[in-house]
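Notes follow the structure.
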Amino acid sequence: MKGNGTKLAFIVAFLALTIFYLFPSFQYWLEMRKIDNMPETERVEYMRENEVRIENMREKILTLGLDLQGGMHVTLELATNQLIRELAGEYADDEFNEVLTDATQQARANNTDVINEFVLAFEERDQDARLSRYFRSDADNITRRSSNAEIQEWLQEQRDAAVNRAIEIVRNRVDRFGVTEPSIVRQGNNRLVVELPGVTDEERVRDLLRGTARLEFRLTADPDDLRHSLERIIAWFDPEDDEDDFDLEDEWEDFEQDQQDNPLLQVLLPQGQGVTFGSAAGPDTAEVNRLINQPEVQRLLPRDITLMWTANPQFDMEGRSYYSLIGVRRQVELTGDVVTEARPTFDQHTNRPEVSMTMNRQGARVWARVTGANIGRPIAIALDGVIYSYPVVQAQITGGRSSITGLAGSAEAEDLVNILMSGALPAPLDIVQERTVGPSLGEASIRAGFNSALFGLVIVVLFMMIYYRTGGAIADIALVLNIIFIMGILAAFNATLTLPGIAGIVLTIGMAVDANVLIFDRIREELRAGKSLIAAIDSGYANSMSAILDANITTFLTAVILFSFGVGPIKGFAITLMAGIAASLFSAIIITRVIVDWMTKEKKWNVNYG
């Protein structure tokens, strides 16, 4: 290999790097197979102990795009109206809420900005009306004297900051969820487009993306007050009886008859025991909400009490799962802002999953005070408006430790930890568009892409061997190495292989032999001119180099433009095209030359170019 030592060193180094970058993909695949075969408890513990190692491994693998491994494409919209309402806080009145509701409906109908519609609606009602009476911000110099234009600009700034904050929070949640190569980009004023390859549990992802992570610790209602309110509300829905005529104990025997006449009892199983207002089957909870949220019914509840559903079913009856409606205080004693650490654990006695939480100093002081003053009473732990548990306080809790129980499984515990540690969203996110690519469709795409690449490879290999004989076989060896190099380049740069990317590889397979075709035809011409084989090979490689470089550089620049300005599939195609051009130049110019020199100069073989 005299004279080709440097080239050979480059080939070995390039091949070694390719194997180095592709090995983690193979290793990660074996690791995932091992984890999938573990029992649930063992899997959770193993994932926690090896979280850093698995994450490091995941960062180095060649990942598949949404169109290949399946997953979800979700468009989220920040609830700007809710953000405006929260910014107003205690200054919001009935007129404010009415105008905001109308502006929201108008914005949806006309596909316009809620903030602009909100300001316009206020000024249409009264040109002299000042929005500054609803908003205050010392940090941003929003005072009573601020003009409507300043308020409008401030609201838009707050909305932009909220969207950016939402992007970071969603990214943290998705990263903790374990999705590889997620895509999270902003769209317009208040939308996020999220692509999650490899996701199979769609409902779990929806809850993960939409949850605002508003964790609350609330005291529960007085059982006697809650029971009397329940009796009055049931009586209110029965127009034939007086308000105080219904008694849970006296009329339980006639419950079936009362149920037929009372719309609330048709969907709610009254209990009035402890802090439980009643229970309803999952499909009936929406109707119960509609009935009890009527203003007349709300006035029958104690002023400081509200009702919240449990997050999970509390019991099954007649094949239906029932959720309980719990009476809690409107005042929030603590929020999730005081939680500094959360992790999934298992109860030592029941072995059921739970979330263990640690609070900061301020939270620990308040928690000790609240638990010390409410020994023997339940305290509700709610997240995003639903109650996960309401344990009875047995003793004062010091040290700022608490736990959320009543979870459906380990996956829910992991998701709760994910949401709590990622932070609370500034406003709710609504899913306005969703598209799911099933794993079977992804597998079909991989199979179709693999078959097309294999078919193209076989056709090119046969053509080169038939037309260029020995030279064609050498080009085929370089072509196979070229494909391996492409995969290594993609893995090295943490690129994602997509269906358009496979199309780029198929295109590269055809383009990869172009350089060899130019070289081999040039060698033929030199041989016909009477030169020796070695002289013809030297002239063929030297004289065809400018044409090869011109063609590949212009194509590479085109791919760079596609990558710079394209999005989604176009960018995926551009990445593989650029990797393919670089690998094909290396294979066609260096690898084939080393092989040809070895055969002609070292072994003195006669290489036939057809």
Side-chain angles (χ1 to χ4, degrees), residues 86 90 211-234 248 264 267-280 282 284-286 288-295 297-315 322-339 354-355 357 359 363 366-394 396-397 402-408 412 416 419-420 424 428:
E86 291 183 3
E90 61 183 9
T212 56
R214 172 77 175 173
L215 179 68
E216 299 173 337
F217 298 84
R218 296 176 183 241
L219 298 178
T220 52
D222 180 79
D224 292 335
D225 291 344
L226 191 65
R227 178 188 178 89
H228 294 152
S229 296
L230 173 61
E231 292 174 347
R232 290 196 297 271
I233 290 173
I234 293 174
L248 286 175
L264 180 62
V267 290
L268 180 72
L269 183 65
Q271 292 183 2
Q273 300 176 354
V275 296
T276 304
F277 184 82
S279 300
D284 294 334
T285 55
V288 173
N289 288 338
R290 188 188 69 82
L291 293 173
I292 65 176
N293 284 335
Q294 298 179 52
V297 177
Q298 287 293 306
R299 283 194 287 267
L300 298 177
L301 286 170
R303 295 187 62 180
D304 61 338
I305 298 300
T306 187
L307 302 175
M308 288 185 175
W309 290 104
T310 55
N312 296 300
Q314 301 300 294
F315 61 90
Y322 280 74
Y323 295 78
S324 294
L325 201 56
I326 308 299
V328 297
R329 297 278 182 88
R330 292 185 182 274
Q331 179 181 350
V332 178
E333 302 295 332
L334 276 174
T335 66
D337 295 338
V338 302
V339 176
E354 60 183 31
V355 173
M357 297 178 295
M359 303 176 185
V366 176
W367 188 234
R369 175 182 58 79
V370 171
T371 54
N374 291 275
I375 296 176
R377 297 185 59 188
I379 293 182
I381 302 176
L383 182 70
D384 290 343
V386 293
I387 294 176
Y388 279 84
S389 59
Y390 47 104
V392 176
V393 179
Q394 304 295 336
Q396 184 181 33
I397 302 175
S402 183
S403 61
I404 301 177
T405 59
L407 306 178
E412 186 174 12
L416 278 181
I419 291 173
L420 288 174

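- Across all their heavy atoms, Thr276 and Ser324 have their closest contact at CG2-CB, 4.1 Å.
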- Dump the intermediate steps for side-chain contact (heavy atoms from CB on, under 4.5 Å) on Leu268 and Ile292, then the final yes or no. CA-CA 10 Å; Leu268 180 72; Ile292 65 176; 5.6 Å; no
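- Residues Gln271 and Leu230 share a closest heavy-atom pair of N-CD2, 3.9 Å.
- Here the side chains of Trp309 and Val288 are in contact, with some heavy-atom distance below 4.5 Å.
- Side-chain contact between Val355 and Tyr388 is absent, with no heavy-atom pair separated by less than 4.5 Å.
- A side-chain donor-acceptor contact under 3.5 Å links Arg218 to the backbone of Arg329.
- In this structure a side-chain-to-backbone donor-acceptor pair under 3.5 Å is missing from Glu231 to His228.
- Residue Met359 holds its CE atom at 8.0 Å from CD1 of Ile397, rounded to the nearest 0.5 Å.
- Among all heavy-atom pairs drawn from Ala221 and Val275, the shortest one is O-CG1, 3.6 Å.
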- Task: Give the intermediate values and the outcome of side-chain contact (heavy atoms from CB on, under 4.5 Å) for residues Ile233 and Phe277.
- Result: CA-CA 11 Å; Ile233 290 173; Phe277 184 82; 3.8 Å; yes
- Item | Evaluation steps, side-chain contact (heavy atoms from CB on, under 4.5 Å), between Arg377 and Val393 | CA-CA 6 Å; Arg377 297 185 59 188; Val393 179; over 6 Å; no
- Task: List the steps, then state whether side-chain contact (heavy atoms from CB on, under 4.5 Å) holds for Ile379 with Leu219.
- Result: CA-CA 5 Å; Ile379 293 182; Leu219 298 178; 4.0 Å; yes
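- Note that CG of Leu269 and CG of Leu325 are 12.0 Å apart. Values are rounded to the nearest 0.5 Å.
- Legend: residues meeting ring-ring contact (aromatic ring centres under 6.0 Å, His included) with Tyr323, ordered by chain and number and at least two apart, are absent.
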Side-chain donor-acceptor pairs of residues 299-307 under 3.5 Å, sequence neighbours excluded:
none

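- When all heavy atoms of Ala380 and Val328 are compared, the pair lying nearest together is CB-CG1, 3.7 Å.
- Proximity of a side-chain donor or acceptor of Glu333 to a complementary backbone N or O of Phe217 within less than 3.5 Å is not detected.
- Residue Ile387 holds its CD1 atom at 12.0 Å from CG of Asn312, rounded to the nearest 0.5 Å.
- We find the CD1-OG distance between Ile326 and Ser279 to be 7.5 Å, quoted to the nearest 0.5 Å.
- Minimum heavy-atom separation, Thr220 to Pro378: OG1-O, 2.9 Å.
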